[in-house]
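Take a look at the structure below.
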Amino acid sequence: MESYKFEAPQLGVFITREARDAIRVISSKRDALRRKEISEYLYTQLDKCLKMIAVEEISGKDFVICTPERGVGKTTALLKLCKEYGAFYITTSSELNFLKHEALGMGYKDFPFVALNKDRIENFRARTVLKSECVKLEDVRKALGDFVNIVGIEEI
């Protein structure tokens, strides 16, 4: 007799077009001080994850903040962490120029950006990477395997 394995459906966050439009309107009104406050909060939360990974020697876990927000300093927070930890920053090839420009604007040079172009990145040696919102968590996990820690932002 063949056994049947039940798999629960993947649940996610549903956001209507109207909610996305409202987010865009609100984000366009957000001032620089508020963006900086939110960016610092994101930075602090992701930094806690990186410190926990280092102390507890965690492998193969995802530490990702999911958000539909625009203009809250997500990229700034990740670039600061990349600079401090020297971690690889995984993104898309189409985002590379933007990230390099932003990094230079923050006074940073020579970042370890990695464009996710293939299904699998061969011979990649890192224990922890930072993930841009422009790449999906599942794609990064597929490309890097089961033993790398992924810390970053996921756009919903």
message: Using the rule that Ile, Leu, Val, Met, Phe, Trp and Tyr join whenever any side-chain heavy atoms are under 4.5 Å apart, tell me whether I53 and I65 fall into a single cluster.
response: yes
query: Do the side chains of L42 and V72 get nearer than 4.5 Å, heavy atoms only?
result: yes
field: Interatomic distance, D139 atom CG to C134 atom SG [nearest 0.5 angstrom]
entry: 12.5 Å
query: Taking the side chain as C-beta and beyond, is there a heavy-atom pair between V151 and T128 under 4.5 Å?
result: yes
task: Kindly indicate whether the side chain of L116, heavy atoms from C-beta on, has any atom under 4.5 Å from the side chain of T92.
output: no
- line: Here the gap from F88 atom CZ to L144 atom CG, rounded to the nearest 0.5 Å, amounts to 10.0 Å
task: Would you mind reporting whether N149 and V129 have side-chain heavy atoms less than 4.5 Å apart?
output: no
message: Can you give me the closest heavy-atom contact between R20 and P68, atom names plus distance?
response: NH1-CB, 4.3 Å
Lys/Arg-Asp/Glu bridge criterion (N-O < 4.0 Å) met for R70, E133: yes
query: About how many Å separate CZ of R127 and CD1 of I58, when rounded to the nearest 0.5 Å?
result: 8.0 Å
- prompt: Would you find a donor on one side and an acceptor on the other, under 3.5 Å apart, between the side chain of S132 and the backbone of T91?
  reply: no
Please table the atom pairs, donor to acceptor, closer than 3.5 Å between any side-chain atom in residues 99-114 and protein atoms at least two apart or in another chain.
none

field: Hydrophobic cluster identity match, L130 and F63, side-chain contacts under 4.5 Å
entry: yes
query: Is E154 paired with K131 through a side-chain N to carboxylate O contact shorter than 4.0 Å?
result: yes
field: Non-neighbouring partners of R24 that pass salt bridge (charged side-chain N to carboxylate O under 4.0 Å, His left out), sequence neighbours left out
entry: D21
R34 side chain vs K29 backbone, donor-acceptor pair below 3.5 Å: no
query: Is there a path of hydrophobic side-chain contacts, each under 4.5 Å between heavy atoms of I, L, V, M, F, W or Y residues, that connects F98 with Y89?
result: yes
- line: Value for CG (L46) from OH (Y41), rounded to nearest 0.5 Å, stands at 9.5 Å
Quiz: residues 76-86 side-chain donor-acceptor pairs under 3.5 angstrom, not counting sequence neighbours:
unit_1: K80; atom_1: NZ; unit_2: E40; atom_2: OE2; d: 2.5
unit_1: E84; atom_1: OE1; unit_2: Y43; atom_2: OH; d: 2.6
unit_1: E84; atom_1: OE2; unit_2: Y43; atom_2: OH; d: 2.8
unit_1: Y85; atom_1: OH; unit_2: D47; atom_2: OD1; d: 2.4

K74 side chain vs E69 backbone, donor-acceptor pair below 3.5 Å: yes
field: Min side-chain heavy-atom separation Q45-K48 under 4.5 Å
entry: yes
task: Decide yes or no for I153 and T75: does some side-chain heavy atom of the first lie under 4.5 Å from some side-chain heavy atom of the second?
output: no
- prompt: Which heavy atom in A126 sits nearest to a heavy atom in V148, and how many Å separate them?
  reply: O-CG2, 3.5 Å
message: Under the criterion side chain to side chain contact (heavy atoms under 4.5 Å, CB included), I'd like the reasoning laid out for D31 against R35: C-alpha separation, chi angles, the key distance, then a yes or no.
response: CA-CA 6 Å; D31 66 20; R35 279 193 304 275; 5.6 Å; no
message: Between R141 and E138, does any NZ, NE, NH1 or NH2 come within less than 4.0 Å of an OD or OE carboxylate oxygen?
response: no
